[in-house]
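In what follows, a structure is listed as structure tokens, so that the remarks can point back to it.
The figures here come from the full heavy-atom set of this structure, side chains too, leaving out hydrogens, waters and symmetry mates.
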Amino acid sequence: MNPNAVLDFLRDHPQFLEDNAHLLYNAPAWSQDGRVLSLTERQLRTLREKNTALERQLRDMLRVGSDNDVIGERLHRVTLAFFAASNLTMALAVLRQSLSEDFQVPCIAVRLWATPDTPHTVECLPVSAEIQEYTDALDAPYCGRDVSGEIRSWFDGAKTLRSFALIPLRTRQTFGLLALASPDEQRFPPGMGTVFLTRLSELASVALERHLSF
């Protein structure tokens with residue numbers, strides 16, 4: 001029989017399905033494993049699959065929420081430590097310790113555009129005009145594998161590093177760059193979400209800027 005003729009008949013006689021519902025529920029169908037399933041069995045299997053998918057989504061949402069709570073707690077802790085830092089050296093130490101211990105970042109480098117009032121530390125070593133201009137042009141943290149040789153030179157064992165996050169430090173103006181690196185190329189991959197890195201940029205910028213002169 002032509003399937004279209006069946007559809008036409010059912011449209012013209014809607015009462016037929018109500019009067020013969022048992023035909024639908026007992027209608028056989030082949031499953032993927034070769035078994036014959038009734039409509040009821042197919043519906044139950046579909047519901048179980050949907051339920052499994054929903055449970056997976058719920059677990060993912062709970063895990064993300066838990067991860068965000070942990071990140072929020074760590075940011076809160078470093079914020080309090082920044083408040084307690086009475087000078088630039090202490091503030092830089094807080095930043096490095098938090099990134100290393102709380103966020104497990106293996107390689108950290110900070111460069112501040114040196115001014116006469118900043119101390120003579122590695123963070124205040126001269127930085128090229130190209131790096132300063134590049135940092136000033138960053139609208140958001142950069143994540144990826146491609147960084148300049150100058151930035152690579154800030155790290156020991158630069159040849160083993162496979163991914164980087166470059167975070168501008170700025171308030172009223174850009175005054176430095178926070179560079180994070182890892183030998184794991186998936187740690188800071190291209191396209192990585194930068195919400196946390198942006199918050200870190202804002203927090204570190206305010207904490208460091210108050211110890212600098214422009």
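For the residue pair Thr135 and Gly176, the shortest heavy atom distance occurs at CG2-O, 3.5 Å. Shortest non-hydrogen contact noted between Leu138 and Tyr142 is CD2-CB, 4.2 Å.
Contact of the Leu200 side chain with the Phe103 side chain is not registered, since no non-hydrogen atoms from C-beta on lie closer than 4.5 Å. Side chains of Leu95 and Ile108 form no contact here, defined as non-hydrogen atoms less than 4.5 Å apart. Here the side chains of Ser182 and Val105 are not in contact, with every heavy-atom distance at 4.5 Å or above. Two residues are said to be in side-chain contact when any heavy atoms from C-beta on lie closer than 4.5 Å; Leu99 and Leu178 meet this criterion.
Exactly one of Val110, Thr174, Val206, Leu177 qualifies for a side-chain contact (heavy atoms from CB on, under 4.5 Å) with Leu169. That residue is Val110.
With respect to the salt-bridge test (charged N to carboxylate O, under 4.0 angstrom), the residues Glu209 and Arg170 do not qualify.
A donor-acceptor pair is defined here as one N or O able to donate and one able to accept, closer than 3.5 Å; no such pair exists between the side chain of Ser98 and the backbone of Val94.
Here the OG-CD1 distance, from Ser205 to Ile167, works out to 9.5 Å after rounding to the nearest 0.5 Å.
By the side chain to side chain contact (heavy atoms under 4.5 Å, CB included) test, Ala165 is found to be paired with Cys143, Leu180, Phe188, Leu197, residues two or more places apart in sequence or in another chain being considered. Contacts of Phe155 classified as side chain to side chain contact (heavy atoms under 4.5 Å, CB included), with partners at least two apart in sequence or in another chain: Cys107, Ala109, Ile151, Leu161, Phe164, Ala179, Ala181. Evaluation of the salt bridge (charged side-chain N to carboxylate O under 4.0 Å, His left out) rule for Asp136 yields no partner, not counting sequence neighbours.
Sorted pairs that involve residues 141-165 and meet salt bridge (charged side-chain N to carboxylate O under 4.0 Å, His left out), not counting sequence neighbours, are lacking altogether. The stretch residues 176-202 participates, sequence neighbours left out, in no salt bridge (charged side-chain N to carboxylate O under 4.0 Å, His left out) pair at all. Identified under the salt bridge (charged side-chain N to carboxylate O under 4.0 Å, His left out) test for residues 81-110, with sequence neighbours left out: Arg77-Asp102, Arg96-Glu123.
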